[in-house]
Visitor: 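My questions will all concern the structure given below.
Residue numbers start from 1 in every chain, and the chains themselves are labelled A, B, ... in the order their sequence lines are given, proteins ahead of strands. Just so it is clear, the structure is predicted and the values come from calculations on it, not from any experiment.
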There are 2 protein chains.
Amino acid sequence: MLMTSATLDRTSGVPLYRQIKQILIDEMRAGAGADGLAMTEEALITRFHVSRAPVRQALKELVDEGYVYRERAKGTFPVQGLNVQRPATLQLGGLMGYLREQGLSPEAKVYGVSRFVPPAEVRKGLGLAASDKVLTFTRVITVKEEKLVSSQVYLCSPPEFEPTSRELEEAGSAFELLQQRHGIDLTRSEHHVWASAAKGDDAAALDLAEGEPILVVETLLLTRDGRPGGWRRAIHRADDFKYVFASNR
Amino acid sequence: MLMTSATLDRTSGVPLYRQIKQILIDEMRAGAGADGLAMTEEALITRFHVSRAPVRQALKELVDEGYVYRERAKGTFPVQGLNVQRPATLQLGGLMGYLREQGLSPEAKVYGVSRFVPPAEVRKGLGLAASDKVLTFTRVITVKEEKLVSSQVYLCSPPEFEPTSRELEEAGSAFELLQQRHGIDLTRSEHHVWASAAKGDDAAALDLAEGEPILVVETLLLTRDGRPGGWRRAIHRADDFKYVFASNR
DNA sequence: CAGTGGTCTAGACCACGTA
DNA sequence: ACGTGGTCTAGACCACTGT
């Protein structure tokens with residue numbers, strides 16, 4: 001088998017460590033699971049004609065992303081099973097996109113877009129004064145005529161941010177809209193996940209009988225500098241929705 | 001206020017970047033949230049009399065762990081709210097320790113320790129042949145006379161690994177035992193979390209009526225090199241157990 | 001012993017944001 | 001223009017592992 005060895009492009013503007021990283025990923029996917037090649041730093045330095053820094057940065061990111069593991073005085077080795085699909089942590093607000101990728105045809109409905117003072121629990125989580133108003137709305141995602149998830153969203157946003165229901169339905173996520181229009185990125189988040197029995201509004205929101213099981217996900221969203229910027233309570237139909245995430249520690 | 005500035009110890013064997021990192025964490029906790037000090041690389045280099053590498057490594061880890069954020073051409077800034085307790089992702093098998101830290105008195109009971117061929121679903125997840133045997137057992141954690149969680153665990157382990165129920169109850173985690181005795185560390189994991197209605201064995205395991213809501217957490221455990229090494233299905237009493245995790249992306 | 005990754009030094013050039 | 005973090009070079013010494 002003839003293997004055309006990839007080389008680096010020093011004029012492309014793409015950092016060397018990213019090119020190295022991508023080449024190694026491609027090679028591992030292509031079947032280096034049969035641990036053929038040695039990924040020692042020295043080998044990569046001589047192979048790509050670079051110094052240690054870009055090699056180490058590439059390997060560092062590969063470790064963080066779970067592609068390889070390193071053992072002191074032993075070497076760097078690819079993890080097994082890179083060909084099988086590994087679950088990625090669900091992106092925030094990326095549920096619509098994910099469902100489409102899965103070949104489903106999700107529909108989003110947004111109700112009750114308004115701006116008012118949130119309930120005490122939410123106000124506390126967002127660290128707001130008793131009179132501060134936030135943008136709020138309800139979003140229901142339906143798949144195959146069945147209501148899959150109902151979310152109540154509270155967003156600390158400038159008064160100028162007054163999206164319509166239509167805009168919120170078309171945008172993949174309200175958070176994306178907020179970033180595009182006002183440069184506010186709510187990239188940090190804290191999730192609380194538990195099971196409960198549907199009752200009252202929760203039951204009605206998903207057309208469930210009282211007492212039926214639901215999955216509740218409460219999320220506090222934070223800006224890069226750690227200030228609360230949003231709060232969301234999502235109710236999922238039991239069994240139909242699974243939260244998936246991986247850890248390397 | 002007199003501030004005794006911490007200095008580095010080059011003889012302690014502790015890497016400089018770790019010392020720098022810890023000093024910065026302490027200072028931020030002490031109240032640098034009032035963004036008093038500048039954490040630019042140049043400032044830290046001159047302050048600690050080191051080169052750029054340890055400073056960058058310290059800051060890199062602080063970013064990864066959510067203590068600071070960096071903006072190109074602007075600077076490095078502490079995130080707000082470091083004094084309030086942030087949720088840490090629950091350590092695998094660390095539930096007993098966590099409950100004790102919370103001042104509760106959890107009790108663990110282990111039943112049915114044995115070694116046999118697992119059901120098809122588990123065998124598939126673990127990538128085993130039809131005749132491979134694994135160690136299996138059931139573990140129930142009780143708090144205040146109430147069964148909180150019931151786990152069915154399947155462990156790929158050498159035949160010599162034959163812990164007693166007693167040993168498994170006293171060890172914080174079967175995974176710890178496996179690492180201590182055979183050097184097998186199942187550090188990687190993939191979690192699937194959803195809500196369901198208790199029925200059959202699941203209902204009996206937690207003394208619930210049929211149809212009551214439960215939280216199901218299925219976890220595939222992997223070794224550092226990515227080979228499946230264990231599988232666990234945990235059933236949690238609804239409302240009493242919350243899965244908490246944070247993300248910086 | 002040689003090879004590995006972990007840590008550190010002392011420089012360099014660049015893109016980008018602020019002033 | 002200047003300061004910031006992002007990237008890269010070319011060295012160095014160390015601890016640890018396997019032979």
Visitor: When you match A/Val14 and B/Ala43 each to their closest nucleotide on DNA chain D, which lands nearer the 5' end?
Guide: B/Ala43
Visitor: Under the 3.5 Å rule, do the base of D/dG6 and the side chain of B/Arg52 count as making a donor-acceptor pair?
Guide: yes
Visitor: Would you give the length of the straight line joining atom OG of A/Ser189 to atom CZ of B/Phe245, rounded to the nearest 0.5 angstrom?
Guide: 7.5 Å
Visitor: So which nucleotide from C/dC8, D/dT4, D/dC16 ends up closest to the side chain of A/Arg72?
Guide: D/dC16
Visitor: Has B/Thr40 got a side-chain N or O lying under 4.0 Å from the OP1 or OP2 atom of D/dT4?
Guide: yes
Visitor: If you assign each of A/Arg10 and B/Leu59 to its closest nucleotide in DNA chain D, which residue comes earlier from the 5' end?
Guide: B/Leu59
Visitor: Tell me whether the side-chain N/O atoms of A/Gln57 come closer than 4.0 Å to OP1 or OP2 in D/dC8.
Guide: no
Visitor: Rounded to whole Å, please give me the gap between CG in B/Leu8 and C1' in C/dT7.
Guide: 14 Å
Visitor: Below 4.0 angstrom from OP1 or OP2 of D/dC8, is there any side-chain N or O of A/Tyr17?
Guide: no
Visitor: Measure CG/B/Leu16 against P/D/dC14 and give the value in whole Å, please.
Guide: 14 Å
Visitor: Between A/Trp231 and A/Tyr154, what is the ring plane arrangement, given parallel below 30°, perpendicular above 60°, and tilted in between?
Guide: tilted
Visitor: Using the rule given for salt bridge (charged side-chain N to carboxylate O under 4.0 Å, His left out), can you reason through B/Lys242 versus A/Glu218, listing the C-alpha separation, both sets of side-chain angles and the distance that settles it, and then say yes or no?
Guide: CA-CA 10 Å; B/Lys242 297 190 180 184; A/Glu218 284 185 359; 5.6 Å; no
Visitor: Rounded to whole angstrom units, what separation is found between the CZ atom of B/Phe48 and the P atom of C/dA10?
Guide: 17 Å
Visitor: Given atom NZ of B/Lys60 and atom P of D/dG6, what is their separation to the nearest angstrom?
Guide: 10 Å
Visitor: Counting side-chain heavy atoms from CB outward, which of D/dT7, C/dT9, D/dG6 is closest to B/Glu41?
Guide: D/dG6
Visitor: Among the candidates C/dG6, D/dG6, C/dT9, find the nucleotide nearest to the side-chain atoms of B/Arg70.
Guide: D/dG6
Visitor: Looking only at side-chain N and O atoms, does B/Lys74 come under 4.0 Å of OP1 or OP2 in D/dG3?
Guide: no
Visitor: Can you check the A/Gln19 CD to D/dT7 P distance for me, whole Å?
Guide: 12 Å
Visitor: Is the backbone of A/Ser157 close enough, under 3.5 Å, to the side chain of A/Arg115 for a donor and an acceptor to pair up by distance?
Guide: yes
Visitor: Would you mind reading off the distance between A/Leu44 atom CG and C/dT4 atom C1', rounded to a whole angstrom?
Guide: 13 Å
Visitor: Please tell me if A/Arg56 has a side-chain N or O lying less than 4.0 Å from either OP1 or OP2 of C/dG6.
Guide: yes
Visitor: To the nearest angstrom, how far is A/Tyr69 atom OH from C/dG6 atom P?
Guide: 14 Å
Visitor: Starting the side chain at C-beta, find the nucleotide from D/dG3, C/dC8, D/dT9 nearest to B/Ala73.
Guide: D/dG3
Visitor: Rounded to whole angstroms, how far apart are CD on B/Glu42 and P on C/dG11?
Guide: 12 Å
Visitor: Looking at A/Arg224 and B/Glu71, does any basic side-chain N land under 4.0 Å from a carboxylate oxygen?
Guide: yes
Visitor: Check whether any side-chain N or O of B/Thr76 sits under 4.0 Å from OP1 or OP2 of D/dG5, and answer yes or no.
Guide: yes
Visitor: Before accepting this row, confirm whether a basic side-chain N of the pair B/Arg181/B/Glu167 lies closer than 4.0 Å to the acidic partner's carboxylate O.
Guide: yes
